[in-house]
Amino acid sequence: TKEEIAYVLTLLESFGRVEIIPERLMDTVVSVSGSSPAYVFMFIEAMADAAVSGGMPRAQAYQSLPRQFLEVENGSGTGKHPGELKDMVCSPAGTTIEAVRVLEEKGFRSSVIEAMKTCEEISRSM
């Protein structure tokens, strides 16, 4: 009934944001909402790797990231490494680990590192 649905929605909203979507979009929601934290953690780790490659100590590299990235990287105060946070999102044989595999296959982390190296080189020449 409508009353039961309203009750369930009210209950779910106490845990976070609730959005009603058409069933045809469920798989899209999995890829953007459920799996995307892993992509963000990979991006953060790749940026720090690029800074380390440029000679910056890793702790300083993480501290040099924009505050919003640090908030994500800290995972609500866990203080865990982005790689560990990514691993926490990846279920065995699940959708996220398969998406991570494709990102690695397509050179995602390497692309981020190379982009940052290019940025550094251009900045140095200015």
Side-chain angles (χ1 to χ4, degrees):
T1 68
K2 287 183 180 179
E3 292 81 22
E4 290 172 327
I5 292 171
Y7 174 76
V8 170
L9 289 176
T10 299
L11 181 62
L12 291 174
E13 285 175 341
S14 68
F15 293 105
R17 187 168 154 233
V18 175
E19 188 173 336
I20 298 173
I21 60 161
E23 186 175 351
R24 66 181 175 77
L25 294 177
M26 286 301 294
D27 298 324
T28 303
V29 168
V30 167
S31 73
V32 73
S33 180
S35 297
S36 62
Y39 317 152
V40 173
F41 297 138
M42 290 174 70
F43 182 66
I44 291 169
E45 186 177 25
M47 289 189 305
D49 286 347
V52 170
S53 176
M56 184 179 282
R58 185 163 298 275
Q60 186 179 8
Y62 282 122
Q63 289 300 314
S64 297
L65 292 169
R67 190 184 90 242
Q68 294 85 348
F69 286 144
L70 292 175
E71 290 169 0
V72 170
E73 187 254 327
N74 284 330
S76 301
T78 65
K80 294 181 188 264
H81 185 277
E84 186 177 355
L85 293 169
K86 175 204 48 117
D87 290 346
M88 291 170 63
V89 180
C90 295
S91 303
T95 56
T96 304
I97 193 61
E98 284 305 305
V100 166
R101 181 190 61 76
V102 170
L103 287 172
E104 291 292 1
E105 180 181 282
K106 301 295 183 184
F108 175 76
R109 290 169 41 82
S110 180
S111 294
V112 171
I113 292 168
E114 289 304 312
M116 290 183 63
K117 284 184 170 285
T118 299
C119 182
E120 185 180 334
E121 290 168 9
I122 291 170
S123 177
R124 190 176 289 121
S125 70
M126 295 177 101

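The shown structure was predicted, so the numbers you read here are calculated from the model rather than taken from an experiment.
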Among residues at least two apart in sequence or on other chains, which ones pass salt bridge (charged side-chain N to carboxylate O under 4.0 Å, His left out) with Glu84? Lys80
Residues two or more places apart in sequence or in another chain: which of them pass side-chain contact (heavy atoms from CB on, under 4.5 Å) with Ala99? Tyr39
All side-chain contact (heavy atoms from CB on, under 4.5 Å) counterparts of Met42, not counting sequence neighbours: Lys86, Val100, Leu103, Glu104, Phe108, Arg109
Sequence neighbours excluded and cut-off under 3.5 Å, please list the side-chain donor-acceptor pairs for residues 18-33, or say none.
residue, atom, partner, partner atom, Å
Glu19, OE1, Arg17, NH2, 2.6
Ser31, OG, Thr28, O, 2.8

Distance (rounded to the nearest 0.5 Å) between Glu121 CD and Ser123 OG: 10.5 Å
Students should find that the hydrophobic cluster of Met126, defined by side-chain heavy atoms under 4.5 Å apart, otherwise consists of Ile122
Any non-hydrogen side-chain atom of Glu45 less than 4.5 Å from a side-chain atom of Tyr62? yes
Under the side chain to side chain donor-acceptor pair (under 3.5 Å) test, which residues partner Glu98, sequence neighbours left out? Arg101
Any idea which heavy atoms bring Thr96 and Ala38 closest together, and the distance? CG2-CB, 3.5 Å
Side chains of Ile113 and Met116: does their closest heavy-atom pair fall under 4.5 Å? no
Table please: side-chain donor-acceptor pairs of residues 53-61 below 3.5 Å, with sequence neighbours left out.
residue, atom, partner, partner atom, Å
Ser53, OG, Lys117, NZ, 2.7
Arg58, NH1, Asp49, OD1, 2.9
Arg58, NH2, Asp49, OD1, 2.8

